[in-house]
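These values consider heavy atoms only, across backbone and side chains, with no hydrogens, waters or symmetry-generated copies. Note that the structure is predicted; figures quoted are calculated from it, not measured.
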Amino acid sequence: MDREKIEAGVRLILEGIGEDPKREGLLETPERIARMYEELAGGYTDDPAKHLEKRFHVENNDMVLEKDIHFYSFCEHHMLPFYGKAAVAYIPDGQVVGLSKIARTVEVFAKRLQLQERLTAQVADAFMKELSPRGVMVLVEAEHMCMTMRGVKKPGTKTVTVVTRGVFDGNEALQNQFYRMLEIRA
């Protein structure tokens with residue numbers, strides 16, 4: 001990332017809204033924002049494949065589901081946050097990944113300017129490409145600040161996207177199993 005460009009851009013925005021970037025409270029704001037973007041947009045420099053490299057062989061090829069994976073992302077249209085939870089299920093084909101790697105894969109794609117629809121598909125496609133499971137299903141539910149704090153102003157509105165690949169495509173029984181597993185409470 002180019003910190004200097006981010007800092008210069010923030011100074012321009014401050015001036016554009018009528019603020020004085022040299023005002024005491026704003027003096028370090030451009031640097032803070034640049035550091036923030038390094039963290040929140042770090043997915044551009046992270047390769048999802050590296051998180052799916054470490055695998056373990058299994059005899060059982062039953063569905064693996066990780067749910068309630070919290071994420072934060074930025075809408076590419078307004079650069080406002082959207083956040084929520086993802087659920088990723090896959091049917092292994094003899095190998096699984098560590099559970100933390102599922103969440104890390106979601107995070108890689110979330111830490112980019114995004115569309116929720118693309119985020120959902122990118123996670124599914126990364127699993128299919130890197131792990132070669134029999135199938136994968138991804139559900140993302142998120143609240144978009146571009147809908148809640150501006151524009152239509154409907155706080156609490158959630159958007160749900162679902163992507164299926166492999167044996168999940170058109171398999172209502174597997175899809176229903178996925179949805180039932182989402183409802184399980186510990």
Side-chain angles (χ1 to χ4, degrees), residues 1-10 12-13 16-17 29-53 64-90 97-131 133 135-166 168-169 175 178-179 182:
M1 271 190 217
D2 189 331
R3 261 195 193 189
E4 288 180 16
K5 281 187 178 179
I6 296 170
E7 291 174 19
V10 171
L12 287 172
I13 290 171
I17 64 171
T29 297
E31 293 82 9
R32 281 190 204 97
I33 299 287
R35 285 192 311 271
M36 176 191 74
Y37 274 107
E38 282 181 331
E39 177 183 345
L40 298 181
Y44 289 109
T45 58
D46 197 356
D47 181 3
K50 81 174 185 183
H51 298 294
L52 298 172
E53 285 175 350
V64 176
L65 168 70
E66 188 163 306
K67 63 182 186 173
D68 296 331
I69 303 167
H70 292 263
F71 72 90
Y72 300 90
S73 192
F74 280 99
C75 159
E76 69 182 31
H77 298 135
H78 301 98
M79 291 182 67
L80 286 171
F82 70 94
Y83 56 92
K85 294 186 226 175
V88 179
Y90 68 101
V97 294
L99 297 176
S100 70
K101 306 310 182 194
I102 299 170
R104 287 190 191 282
T105 303
V106 170
E107 190 171 270
V108 166
F109 294 113
K111 287 188 170 190
R112 300 174 181 187
L113 294 180
Q114 271 296 7
L115 295 174
Q116 181 175 329
E117 298 87 342
R118 182 186 312 121
L119 168 66
T120 310
Q122 285 174 328
V123 172
D125 292 340
F127 267 80
M128 290 302 290
K129 179 181 177 192
E130 302 303 329
L131 191 58
V136 65
M137 186 166 175
V138 179
L139 181 144
V140 174
E141 179 179 10
E143 184 168 345
H144 294 249
M145 297 305 288
C146 60
M147 278 193 55
T148 64
M149 68 182 286
R150 59 152 307 279
V152 71
K153 295 184 180 103
K154 297 296 179 205
T157 302
K158 300 280 186 357
T159 300
V160 178
T161 50
V162 178
V163 168
T164 59
R165 300 286 188 261
F168 282 98
D169 281 341
Q175 292 176 20
F178 171 87
Y179 291 123
L182 287 180

side-chain contact (heavy atoms from CB on, under 4.5 Å) for L139 and Y179? Distances and angles first, verdict last.
CA-CA 10 Å; L139 181 144; Y179 291 123; 3.8 Å; yes
Working for side chain to side chain donor-acceptor pair (under 3.5 Å), residues E117 and T161
CA-CA 6 Å; E117 298 87 342; T161 50; over 6 Å; no
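Evaluation of the ring-ring contact (aromatic ring centres under 6.0 Å, His included) rule for Y90 yields F127 as partners, not counting sequence neighbours. When the salt bridge (Lys or Arg N to Asp or Glu O under 4.0 Å) test is applied to D46, the partners found at least two apart in sequence or on another chain are K50. Scanning for side chain to side chain donor-acceptor pair (under 3.5 Å) contacts around S73 gives an empty result, with sequence neighbours left out. Applying the side chain to side chain donor-acceptor pair (under 3.5 Å) test to T148 and every residue at least two apart in sequence or in another chain returns nothing. The ring-ring contact (aromatic ring centres under 6.0 Å, His included) test applied to H144 returns F82, not counting sequence neighbours. Residues satisfying the salt bridge (Lys or Arg N to Asp or Glu O under 4.0 Å) test with D68, not counting sequence neighbours, are K85. For E38, the salt bridge (Lys or Arg N to Asp or Glu O under 4.0 Å) partners at least two apart in sequence or on another chain are R3. With sequence neighbours excluded, the residues satisfying side-chain contact (heavy atoms from CB on, under 4.5 Å) with A103 are E66, I69. In this view, R118 and E76 satisfy the salt bridge (Lys or Arg N to Asp or Glu O under 4.0 Å) rule, not counting sequence neighbours. With sequence neighbours left out, the ring-ring contact (aromatic ring centres under 6.0 Å, His included) criterion links F178 to no other residue. The side-chain contact (heavy atoms from CB on, under 4.5 Å) check on A49 picks up D47, E130, with sequence neighbours excluded.
Side chains of E31 and R35 form a contact here, defined as non-hydrogen atoms less than 4.5 Å apart. In this structure, the side chains of H77 and L115 come closer than 4.5 Å at one or more pairs of heavy atoms. Side-chain atoms of Q114 and C75, non-hydrogen and from C-beta on, never get closer than 4.5 Å to each other.
Note: L119 CG to Q122 CD = 6.5 Å, rounded to the nearest 0.5 Å. Of the inter-residue distances, the one linking I17 atom CD1 with I13 atom CD1 reads 8.5 Å to the nearest 0.5 angstrom. Of the inter-residue distances, the one linking H78 atom NE2 with M147 atom CE reads 11.0 Å to the nearest 0.5 angstrom. The distance from atom CG of L131 to atom NE2 of H51, rounded to the nearest 0.5 Å, is 14.5 Å.
Tested against M137 for a side-chain contact (heavy atoms from CB on, under 4.5 Å), the candidates V88, L65, V162, D169 yield a single pass: V162.
L182 and A87 get closest at one heavy-atom pair: CD2-CB, 3.5 Å. Between A41 and M1, the closest heavy-atom pair is O-CE, 3.2 Å. Closest approach of Q116 and A142 over heavy atoms only: OE1-CB, 3.4 Å. Counting all heavy atoms, side chain and backbone alike, E143 lies closest to G156 at OE2-N, 3.1 Å. Nearest heavy-atom pair, V140 versus A86, reported as atom, atom and distance to 0.1 Å: CG2-CB, 4.0 Å. Taking each heavy atom of A124 and R165 in turn, the nearest pair found is CB-CG, 4.0 Å.
Heavy atoms of other residues, nucleotides or ligands lying less than 6.0 angstrom from CG of L99 number 12 at most. M79 CE: 12 or fewer foreign heavy atoms inside a 6.0 Å radius. Atom OH of Y72 has 12 or fewer neighbouring heavy atoms from other residues, nucleotides or ligands inside a 6.0 Å radius. A 6.0 Å sphere centred on CE of M36 holds more than 12 heavy atoms belonging to other residues, nucleotides or ligands.
Taking the ring centroids of Y44 and F109, they lie at or beyond the 6.0 Å cut-off.
Pairs engaging residues 102-111 under the salt bridge (Lys or Arg N to Asp or Glu O under 4.0 Å) rule: none recorded [sequence neighbours left out].
Looking at K158, its side chain never comes within 3.5 Å of a backbone N or O of E141 through a donor-acceptor pair.
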